[in-house]
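Here, residue 1 is the first one in the sequence, and each next residue gets the next number.
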Amino acid sequence: MYRIIIAFIILNLSSQVITAQDITLFQQFNGRYDYTAIGNTLNQAENNLSQSFCSILPSSQANLTLPTDSTIISAYLFWSGSGPGDTEVSLNSQSIIAADTYNVTYNAGPDGLLTYFASYADVTNLVITHGNGDYLFADLDISEVLTSTAGYCNNRTNYAGWSLYVIYEDSTLPLNQVNLFLGLEIINGDVQNKTIVLENVNVLDNENAKIGFLAWEGDNALNFGESLSINGNVLSNPPLNLANNAFNGTNTFTNATDFYNADLDVYNIENNIAIGDTEVTINLTTGGLDNSGNFRADLIIINNIITVLNSQLPDATIQLNNYQVTCANRMVTVNYSVFNNNSTANLPPNTPIAFFIDGILVAQNQTISEIIIGGEETNQISFLVPDTFPDNFILEIAVDNDGTYNGVTTETNEVNNDTFEAIQLLPFPQTIQLNPLLACDEGYNKSHFDLTQALNQIDTTSYQDFNYHETLEDISTNTSILNPNYYFSNSTPQSIYITATTDVCFDIFKFDLLTEHCPPFIPQGFSPNHDTTNDYFNIQGLYNIFENHQLLIYNRYGTLVFKGDDNTKWFGQINQGLNNQGKIVPVGTYFYVLHLNDPKYKSKTGWVYVNY
C-alpha cells in the first residue's frame, strides 16, 4: 500500500512565486501502521461565490474515530490561512505553538504582494490523552491581516482552516511504511505544471493503495485545468472529485461538500502503482479558458505529503558502542551493535559489515543471527591499523556493505547504514561509552548518584585507580570530583568521565547521569494545625517532579472540595464549590484522586485522614 496526502493552498489568480521550501522527508514509520485525517474550514461560505464576508469563524470542530484496539503512534496538527501566519492556536482548549511555519508570497498586481502560510505542530500527547471524540480548533487570528490588507478579500482569498493527521498501529493491518514529507511548493498561471518524484519506494503489494489531498482555497465553481496524476494516470473520484476539478471544497472522509475553500480527499490508486516500483511521480496542473475565452488558473501550494505502502523490508543500522586502544599499540577493538528498528521484516544472518579508514577497507565482519524487527545484535572485532594511516583517523563502520560499498539486502532505507567514529591511537586514548546511571528525580531533574556504580561495567582489575571528572577539560587540568560516592547532579542528563590509570597510560570512560520519575509516596494522614509539623498533605516525590500533576480531594459525600497542582498544596483548605471556600475541612477521612499526567503511571486513588 502506498498512500500520498498532499496539503495545498489553492488560489484563483495567476501569480509570481517569491518564496518556497522543497518538500523533503520529515518522519518515517514502519510497522502495521495506517493513518486517518480530520479537519474543518473556518470559512462561513465559499469565498469565490460570496464576497459578503471578510473574516473567519472563531472556531470549528471535527470528530475523530479510530479503529477499535488501535494505538496512536503520532499526530500532527496543520493549519493555514491568509497572511504571514498565526503560530499559536488551540486544540480542545490547549495552546498549540507551531513547530515550523512555511510561507509563499506572490505578486497580486494592483493589490501588491500577498502572503499565505501553513503551520504544523506535533500533538501526539494531546491526541493520546483525548482519544476518539470531538476536536475543537480555535484561536487562529488573521483579522488584522484581512482588515489591513484589502487584497485578500478583493481577490477572494480570505480563508483559514485546519486538519489533524493521526498515524496509528493496528495488529490487523499489513506491514506498511509511512513517510511524512513537509515543505511548501507551488504551481500557478506562470508555472502550470509541477512534478514531484518520491524516491526510496519499495512496493511489495499495491492492494488498497490510496492517495489523499488536503488543499486550501479550493473552489467548487473554479475548475480551470485542475488535474492530479500519479505515474502518468489522471485521478478522479466521482461524484465527489472529478478529473478536471480536483479541488472543490470536499471531504472524502465524511463525504461532505461544505469544506469551504479546503479539500480533504482520498483516491484509490491500485492500478497506478506497481509491485517493484522504486519511486512515485506526482504531477499537478492548472490553467484553462473560462466560458468567456479568458485564461484563468489556480495557484496551488503543496505543503505536505504522507505516503503509505505495503513494504516488508528490513532496515539495518549500526552503532559503535565503545572501542579499546592501548598506548603505543595500533590494535583497535571495536564493540558495536547492529539494529533492525525501523523495519517491516527480519534482517537475515550473515549480513556483511565493513570497516573503512579514508574509504579503504581495513576489516570485515558479518552478523551472526537473524535480527527480528526491533531487535539488535552486539558483537566486537579487533584489527590492526596499518602504519600507512596517521594516529588520528575517522573509522567508518558500514552494515550491509560487502567491502565495495555495495549492499546485499534491499532495505526500507538504503542511506542509513554508516556510522563514523574519530579514533586516536596515541598518546591520548579516546572515550569509551558506558551505560548510563539512573536515579529517582529529586526535583527539576536533579538527584544524587553513586558514581562508583559505573565501575560495574568496567574490568577494574586492569587498572590501578580511578578518578571522576565533570568535563574532558577537567582531565587535562587534573580536576577531580571530591566525593564520587554521593555526587549531586544539578541538571540531568549530565555526562561524567572516568580516568582509569594503568602502568603506562590511562583510559577514559564516559557515562550519562539520567533521572526518572519514581512512584511518589502518599501518606495516609496529616494535621493542618500550623505547628510546622505535618501541616499539609505531603506526597513525597511529587512536587517539582510530576510538574503537571493534578490532585483532587473529595469528602465522604463525593463532593469535590479541593483541586491542587504543583504550585498548590493541600493544607486542609477548601477551594472548590460555592460555599466554605478558604475554610479548613473538618476532622475526618477524605478521598483523593491523583492524576500524575505521566504516561508511565496510572492515576492513583485512596484516602487520607485529616486531624488537628
Side-chain angles (χ1 to χ4, degrees), residues 1-10 34-50 56-57 59-68 70 75-80 91 127 131-137 159-168 170 172-173 207-223 226-230 233-272 282 284 298 300 303-308:
M1 180 190 296
Y2 204 102
R3 180 176 298 170
I4 304 173
I5 302 177
I6 300 182
F8 299 94
I9 305 173
I10 301 177
D34 202 345
Y35 90 102
T36 190
I38 66 172
N40 209 337
T41 181
L42 292 175
N43 277 25
Q44 51 194 292
E46 182 177 313
N47 58 27
N48 183 64
L49 298 178
S50 173
I56 64 171
L57 299 172
S59 64
S60 65
Q61 68 179 26
N63 183 271
L64 175 66
T65 303
L66 292 171
T68 304
S70 62
Y76 297 94
L77 177 68
F78 298 90
W79 64 97
S80 180
L91 188 63
V127 177
N132 286 336
D134 290 333
Y135 283 78
L136 179 69
F137 178 88
Y159 81 95
W162 64 280
S163 184
L164 176 68
Y165 300 151
V166 180
I167 295 100
Y168 62 88
D170 189 331
T172 64
L173 291 171
E207 184 178 357
N208 294 322
K210 302 173 185 176
I211 181 170
F213 291 84
L214 171 63
W216 307 112
E217 190 42 40
D219 298 286
N220 185 44
L222 299 177
N223 57 342
E226 293 180 358
S227 71
L228 158 69
S229 63
I230 299 297
N233 301 309
V234 177
L235 300 181
S236 64
N237 183 27
L240 211 60
N241 302 108
L242 303 180
N244 64 348
N245 193 10
F247 315 110
N248 54 357
T250 57
N251 181 347
T252 310
F253 287 92
T254 60
N255 290 322
T257 58
D258 57 356
F259 199 11
Y260 301 125
N261 300 107
D263 286 87
L264 188 59
D265 296 318
V266 176
Y267 300 82
N268 184 293
I269 58 169
E270 286 187 5
N271 297 323
N272 300 280
I282 304 170
L284 306 165
D298 286 345
I300 304 173
N303 182 209
N304 66 63
I305 302 174
I306 185 171
T307 64
V308 181

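- Closest of all the heavy-atom pairs between Leu264 and Gly39 is CD2-N, 4.3 Å.
- Across Ile38, Thr36, Asp265, a single residue satisfies side chain to side chain contact (heavy atoms under 4.5 Å, CB included) together with Phe253, and that is Thr36.
- Rounded to the nearest 0.5 Å, atoms CG (Leu235) and NZ (Lys210) are 14.0 Å apart.
- A donor-acceptor contact closer than 3.5 angstrom links the side chains of Asp219 and Asn261.
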Exercise. Given Ile282 and Leu228, is the side chain to side chain contact (heavy atoms under 4.5 Å, CB included) satisfied, shown in steps?
Worked result: CA-CA 7 Å; Ile282 304 170; Leu228 158 69; 4.1 Å; yes
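- Among Asn132, Asp134, Asn40, the single residue meeting the side chain to side chain donor-acceptor pair (under 3.5 Å) criterion with Asn63 is Asp134.
- How far CG of Asn244 is from OG of Ser227: 9.0 Å, rounded to the nearest 0.5 Å.
- Between the side chain of Asn248 and the backbone N or O of Leu240, at least one donor-acceptor pair lies under 3.5 Å.
- The heavy-atom pair separating Leu64 from Gly131 by the smallest distance is CD2-O, 3.9 Å.
- Listed for the Thr252 side chain is a donor-acceptor partner under 3.5 Å among the backbone atoms of Val266.
- Between Ser236 and Ala243, the closest heavy-atom pair is CB-N, 3.6 Å.
- Between the side chain of Asp170 and the backbone N or O of Ser70 there is no donor-acceptor pair closer than 3.5 Å.
- Ring pair Phe78/Tyr165 is tilted by interplanar angle, where 30° to 60° counts as tilted.
- Between Trp79 and Phe137, the angle of the ring planes lies from 30° to 60°, which puts this pair in the tilted group.
- For the residue pair Tyr159 / Ser80, a side-chain donor-acceptor distance below 3.5 Å is found, with atom types taken as modelled.
- To the nearest 0.5 Å, the span separating CG on Asn303 from CZ on Phe213 amounts to 13.0 Å.
- Here the closest non-hydrogen pair linking Ala262 and Trp216 is CB-CE3, 3.6 Å.
- Side-chain contact between Tyr135 and Leu77: absent, with no pair of heavy atoms (C-beta onward) separated by less than 4.5 Å.
- For the atom pair Asn220 CG and Asp263 CG, the distance stands at 9.0 Å (nearest 0.5 Å).
- In this model, a donor atom of one side chain and an acceptor atom of the other lie less than 3.5 Å apart for Asn241 and Thr250.
- Proximity of a side-chain donor or acceptor of Ser60 to a complementary backbone N or O of Thr41 within less than 3.5 Å is detected.
- Between atom CZ of residue Phe259 and atom OG1 of residue Thr257 there is a gap of 12.5 Å, rounded to the nearest 0.5 Å.
- Rounding to the nearest 0.5 angstrom, the gap separating the CG atom in Asn43 from the CG atom in Leu57 is 7.0 Å.
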